[in-house]
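Before any comments, here is the structure.
The first residue in the sequence is number 1, and the count goes up from there. Side-chain atoms are counted along with the backbone in the values below, which use heavy atoms only and exclude waters and symmetry mates.
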Amino acid sequence: MSVLVNKDSKVIVQGFTGSEGSFHAQQMIEYGTNVVGGVTPGKGGSTHLDRPVFNTVAEAVQKAGANVSIIFVPPAFAADAIMEAADAGIEVIVAITEGIPVKDMVAAKNYIKNKAVTLIGPNCPGVITPGEAKVGIMPGFVFKPGRIGIVSKSGTLTYEAADQIVKAGLGISTAIGIGGDPIIGTPTKNAVELLMEDPETDAIVMIGEIGGNYEAVAAEYIRATGNKKPVVGFIAGQTAPAGRRMGHAGAIIGGADDTAAAKMRIMRENGIHVVDSPAEIGETMVRVLQGETTNA
């Protein structure tokens, strides 16, 4: 069992023949991900990276049995690509594209809300179940199999957390990079819930950043459901000034509860083991699993 993707996932790449799609598709194939083809309108019937190219996602589902899609489509067309994948019956959509207009994402999220699909992203590094499938742009060599789940708004900090966990002698069950845009498919709480329900995940690393209330909602869910698994948390942007966007489009302090300090306080109040630096994630997780630390 795994979360979202595994060795049996049949992955297609939307934007397959473009430079970004080609590069990362090759990386995913080399990792061992079951990439069954890709979609580039007008190039159907050809092959690329020794995989078939289809004109539509529906054709890829029909002919290749695709059930997971990763999107490397330019921002102006990416929301349409999300909706096309959902229409075709894709179960997990990973939207890597950065810079999708907010109004487009509002429309796309509303369009897919009643469909049996999970959208990760946009503006995210993707999802990886180490040793089984990498559906994203993360450096696969950093991630080793294990029983610690990761949920993160930040791509870079996803890799840092994984490196810390592995160096501490542990490993990763599934890492989910949810994305840093204001409108995303799977907020922190929903991603944490997937890992809480996963029998192969023993503990979770939850990485957030300034802006919005995703971390507070997730923290309240964790406590409300009985703190079933230990969670180590970190919030990026501790020195960020109010009113200035920091990197991600969603990373802007709009109110008192949007600050890193407020989020860290809320997380602690809900039983999460909060660290002040990402360099402390691995060692803190080891202590938490050994029962040697309290939430302070």
Side-chain angles (χ1 to χ4, degrees), residues 4 11-28 35 37-44 48-49 53-58 60 66 68-88 90 92-113 115 117-128 134-138 152-159 176-188 190-191 209-212 214 236-237 244-252 254:
L4 297 174
V11 183
I12 56 164
V13 180
Q14 289 176 259
F16 189 34
T17 59
S19 58
E20 290 284 317
S22 295
F23 176 81
H24 290 293
Q26 184 64 49
Q27 297 289 311
M28 289 189 290
V35 177
V39 176
T40 300
K43 295 190 177 180
H48 183 60
L49 304 180
V53 182
F54 303 102
N55 284 318
T56 66
V57 179
V68 176
S69 175
I70 182 168
I71 294 176
F72 293 99
V73 172
F77 310 105
D80 284 342
I82 291 169
M83 292 186 282
E84 180 190 354
D87 259 348
I90 293 290
V92 176
I93 302 169
V94 178
I96 303 297
T97 306
E98 180 177 1
I100 302 175
V102 172
K103 64 179 177 59
D104 289 3
M105 271 312 301
V106 169
K109 188 167 182 178
N110 186 61
Y111 185 81
I112 69 172
K113 68 181 180 182
K115 295 183 182 294
V117 62
T118 299
L119 170 64
I120 303 297
N123 188 13
C124 76
V127 182
I128 183 169
K134 178 182 94 147
V135 185
I137 61 174
M138 65 285 287
S152 177
K153 271 190 186 176
S154 163
T156 307
L157 289 176
T158 306
Y159 321 148
I176 307 169
I178 64 171
D181 277 2
I183 307 294
I184 57 173
T186 302
T188 307
N190 301 57
E209 63 190 15
I210 58 167
Y214 286 161
R244 181 174 298 175
R245 184 171 67 82
M246 303 297 286
H248 285 156
I252 183 168

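When all heavy atoms are compared, the tightest approach of Q14 to V57 is NE2-CG2, 3.4 Å. In terms of heavy atoms, G185 sits closest to P187 at O-CD, 3.7 Å. Here the closest non-hydrogen pair linking V94 and G126 is CG1-CA, 3.6 Å. For the pair P75 and P101, the tightest heavy-atom approach, listed with the atom from each and the gap, is O-CD, 3.8 Å. Shortest non-hydrogen contact noted between G237 and I210 is O-CG2, 3.4 Å. For F16 against T40, the heavy-atom pair with the smallest separation is N-OG1, 3.6 Å.
The CG atom of N190 lies 9.0 Å from the CD1 atom of I120; values are rounded to the nearest 0.5 Å. Atom CD of Q27 and atom OG of S22 lie 11.5 Å apart (nearest 0.5 Å). The distance from the CE atom of M83 to the CG atom of N110 is 10.0 Å, given to the nearest 0.5 Å. Here OG1 of T17 is found 9.5 Å from CG of L49. Values are rounded to the nearest 0.5 Å.
The shortest side-chain heavy-atom distance between I184 and K153 does not fall under the 4.5 Å cut-off. With contacts defined as side-chain heavy-atom distances shorter than 4.5 Å, the pair I90/I12 qualifies. Under the 4.5 Å side-chain criterion, counting only non-hydrogen atoms from C-beta, L119 is not in contact with K109. Residues D87 and Y111 have side chains in contact (heavy-atom distance under 4.5 Å, counting atoms from C-beta outward). Side-chain atoms of M28 and I70, non-hydrogen and from C-beta on, do get closer than 4.5 Å to each other. Between F77 and T97 the shortest side-chain heavy-atom distance does not fall below 4.5 Å. Proximity of T188 to I178: side-chain heavy atoms (C-beta onward) are separated by under 4.5 Å at one or more points. Using a 4.5 Å heavy-atom threshold, the side chains of I176 and T186 count as separate.
Under the side chain to side chain contact (heavy atoms under 4.5 Å, CB included) criterion, P125 pairs with I137, T158, Y159, not counting sequence neighbours. V117 is linked by a side chain to side chain contact (heavy atoms under 4.5 Å, CB included) to A86, I93, I112, K115, counting only residues two or more places apart in sequence or in another chain.
Under a 3.5 Å cut-off, the side chain of E20 and the backbone N or O of F72 do not form any donor-acceptor pair. Between the N55 side chain and the G42 main chain, a donor and an acceptor come within less than 3.5 Å of each other.
Here the options are I82, I100, I96, the test is side chain to side chain contact (heavy atoms under 4.5 Å, CB included), and the partner is I71; only I82 passes.
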